[in-house]
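Some notes on the structure that comes next.
Protein chains get the first letters and strands the later ones, always in sequence-line order, with residue 1 at the start of each. Keep in mind that the numbers below use all heavy atoms, side chains included, and drop hydrogens, waters and symmetry copies.
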2 protein chains.
Amino acid sequence: MARTTSKDVARAAGVSQAAVSLVLGDKWRGRVSEPTAERVRDAARQLGYRPNLAARNLRLGRTRTALLVVPALTNEFFARVYTGAARIAAEHGFGVVLYPSPEGIGPARDPFDSAAAALDGVIASSMAADALAAIRGDELPLVMLDSDPDEGPGAATVNLDLADGMRQITDHLLALGHRRFLHIASAISSWTFEVRARALSSALKDIPGAELRTVTTPLSIDASRDATEAALTAPGPRPTALICDDDILAVGACKAARRLGLRIPEDLSVTGFDDLTLATAVDPELTTVRLPAEHVGERGMTALLAVLDGRPANADDLPVQLVVRNSTAPPPAQP
Amino acid sequence: MARTTSKDVARAAGVSQAAVSLVLGDKWRGRVSEPTAERVRDAARQLGYRPNLAARNLRLGRTRTALLVVPALTNEFFARVYTGAARIAAEHGFGVVLYPSPEGIGPARDPFDSAAAALDGVIASSMAADALAAIRGDELPLVMLDSDPDEGPGAATVNLDLADGMRQITDHLLALGHRRFLHIASAISSWTFEVRARALSSALKDIPGAELRTVTTPLSIDASRDATEAALTAPGPRPTALICDDDILAVGACKAARRLGLRIPEDLSVTGFDDLTLATAVDPELTTVRLPAEHVGERGMTALLAVLDGRPANADDLPVQLVVRNSTAPPPAQP
DNA sequence: CGGACGACGTTATACGTAAAACTTCGATCA
DNA sequence: TGATCGAAGTTTTACGTATAACGTCGTCCG
């Protein structure tokens, strides 16, 4: 037997389908009498009526659904972004569907081939430019998270003040006395990492005696460990501080140090970025920059709702905060 | 200007809307001539036509969308389950929408209030019985992951052979010579943890001299650390091996050990469960049981597709595999 | 006392798609 | 030659909802 429709409820309550729609849609003041409304509500409850969303969406021309595009959900940062976005969405009767972007998922040509993709808008995180183009093709409202503001003219953006985070790291390390730095950078070319690199070199530019080398690596513990090990055994004076683009990279860097018999933080300081669960799971706990991932998701969803309402979206950068733990200390005395 | 509809395409191609539907629906052999079909396809491409899914869903009475209910996406295990499910779904033109179950999300009364919840079926992971009841009320096809098979009579289930995993752990520890065990158990009361406890006590039942104590704790590093510390400083002979329900708990347990000046694995062996990224991030790397999380998601989605097709679903348990790393060793010599 | 109005509904329509039922037209065949 | 058939479409309908447009009746006021 088929699902119960508003027509079934109408029959049970002895009214027309339109009356059911009015009552359940909460738009009946002065249109339906209280006793009748009550009868309708009773019948609906009795029959376990649930409106057919496909029909409603078709009628209203909107779906109250947003698409969240993320690189990978298994990265805790993006899982937290989703959580924040979904909370705000739920408060406004919206749903959030995910699209893990880069080949993470099967043969769908683009996000909009997905069956669930009857969308009101899109929130895109750390988008590559080409994927962005595909999205902008469909003229859906778009909010970009943690992405180059210049890429998407006209689109709302929610950005973290990553440059300030990098500055806080360098201030901290410089104050401890470090001068020789190695930047463990993500090989992923995206705004979120490029801005770190720029902030880092600009922060060290005017420091006398400061040296900065860089090594890039895929975003995994093992890759970072190998890349760091290679860099640390290279000829020349050894850096005293490793500045990592991400906690995951920092964990790999720590593993490399351990392999080489270097103690952290006595022989080598290491910093992360993100403040994932990982950061406090390892020993020593990582000095890192805490990123308010849930807030990013919340602000992203809030911005999308604003855009859909034709309101302007708040465009301030979200502040980030250095968290000093046990992976940083003054550099060892000069040999 | 509104989105282009099949009617627009029809006008551009000089045919009727029905012809467009036939051609694009790939059901036109013998109904439309090849030149006409090509004209329609051209027009569709030209106009960037994308079918309105709300309308299609309404017409067809199905949405090609499944709901995945998980406790928390920030737990890597469930993020991986999602990834697996979404991959299989995409291969079959399905979408997956998430419902983080336990109060994780706003005021939605139940999963089906969610705006995106126009569903063909449900995959529920680690469900509590009451939430399950709410779901079964709607007579949607249901697949249960890692849940008590007795709870959901008639529903398809995808289970891991967790009992075997626990047996592999005890075999390993017993072979190393351990006899005094402390079980760091999750305070969450669900099948997935209950089955571990049962398997553990039954495995130790017939071992002469084996002792088993248990302490329960919330599923977080800090909570586990505190609970473990308390248990290890309790009077009586100290256990030589900690068997943890989850890698997260194991990491907390390691922290407690470190606080108490105990070395792992020399003074104390520790085992985890899941084989998350965490397990190889910490030092020493954890001996743990690898759970094929992606496979769980894949099998869950495959089972749901089978149920929707009226085919029987594969009900075999998924095998799990002990991974021996550096957190286990023979117990210290008796004092 | 007539008509304007409000309360309480109902009827009718549109949203965009898929597909069943129908039309037209030439070719085939007994 | 008249019935039949297949190709190539078109016309029509249904899916379930929200809402605009339309009735009907009693009341109140000028």
Report summary line: Rounded to whole Å, the CG-P distance (A:Leu58 to D:dT19) equals 13 Å
Report task. Could you pull out the closest heavy-atom pair between A:Ala79 and B:Leu73, with the gap in Å? Result -> CB-O, 3.7 Å
Query raised in the report: Under 3.5 Å, is there a donor-acceptor pair between the B:Asn57 and B:Thr63 side chains?
Result: no
Query raised in the report: To the nearest angstrom, how far is B:Lys7 atom NZ from D:dT12 atom P?
Result: 13 Å
Requested in this report: Return the value, rounded to whole Å, for the distance between atom CZ of A:Arg11 and atom P of D:dG16.
Outcome: 11 Å
Query raised in the report: Has the side chain of A:Ser147 got a donor or acceptor atom that lies under 3.5 Å from a matching backbone atom of A:Leu145?
Result: yes
Report task. Can you establish whether the number of heavy atoms outside A:Gln46 located under 6.0 Å from its atom CD is more than 12? Result -> no
Report task. Return the value, rounded to whole Å, for the distance between atom CG of A:Leu53 and atom P of D:dT17. Result -> 9 Å
Query raised in the report: With respect to the side chain of B:Gln17, which nucleotide from D:dT12, D:dG16, C:dG16 is positioned closest?
Result: D:dT12
Query raised in the report: Which residue lies toward the 5' end of DNA chain D, B:Leu60 or B:Ala37, if each is placed at its nearest nucleotide?
Result: B:Ala37
**Report entry** Options D:dT17, C:dT17, C:dT10, nucleotide nearest the side-chain atoms of A:Tyr49
**Finding:** D:dT17
Query raised in the report: Phosphate oxygens OP1/OP2 of D:dG16: is one of them under 4.0 Å from a side-chain N or O of A:Thr5?
Result: no
Report summary line: note: A:Trp28, atom CH2; D:dT17, atom P; distance rounded to Å ~ 20 Å
Atom pairs, protein N/O to nucleotides 6-8 of chain C N/O, distance under 3.5 Å:
none

Query raised in the report: If you check the B:Ser16 side chain, which of C:dT17, D:dT11, C:dG16 turns out closest?
Result: D:dT11
Report task. Have a look at A:Glu34 and tell me which of A:Arg29, A:Arg41, A:Arg39 forms a salt bridge (charged side-chain N to carboxylate O under 4.0 Å, His left out) with it. Result -> A:Arg41
Report task. Output yes when at least one side-chain N/O atom of B:Ser21 is less than 4.0 Å from OP1 or OP2 of C:dA19, else no. Result -> no
**Report entry** d(CG, A:Asn52; P, C:dG16) in whole Å
**Finding:** 17 Å
**Report entry** Sole residue of B:Val70, B:Val69, B:Leu67 in side chain to side chain contact (heavy atoms under 4.5 Å, CB included) with B:Leu98
**Finding:** B:Val70
Query raised in the report: Nearest to the side chain of B:Ala18, which nucleotide is it out of C:dT11, C:dT17, D:dT12?
Result: D:dT12
Query raised in the report: So, A:Arg3 side chain and A:Arg50 main chain: donor-acceptor pair closer than 3.5 Å or not?
Result: yes
Query raised in the report: A:Val20 near the nucleic acid: base, sugar-phosphate alone, or nothing, with a heavy-atom cut-off under 4.0 Å?
Result: nothing
Query raised in the report: Taking CZ from B:Arg3 and C1' from C:dC15, how many angstroms apart are they, rounded to a whole number?
Result: 13 Å
Query raised in the report: A:Arg56 CZ to C:dG16 C1': how many Å, rounded?
Result: 18 Å
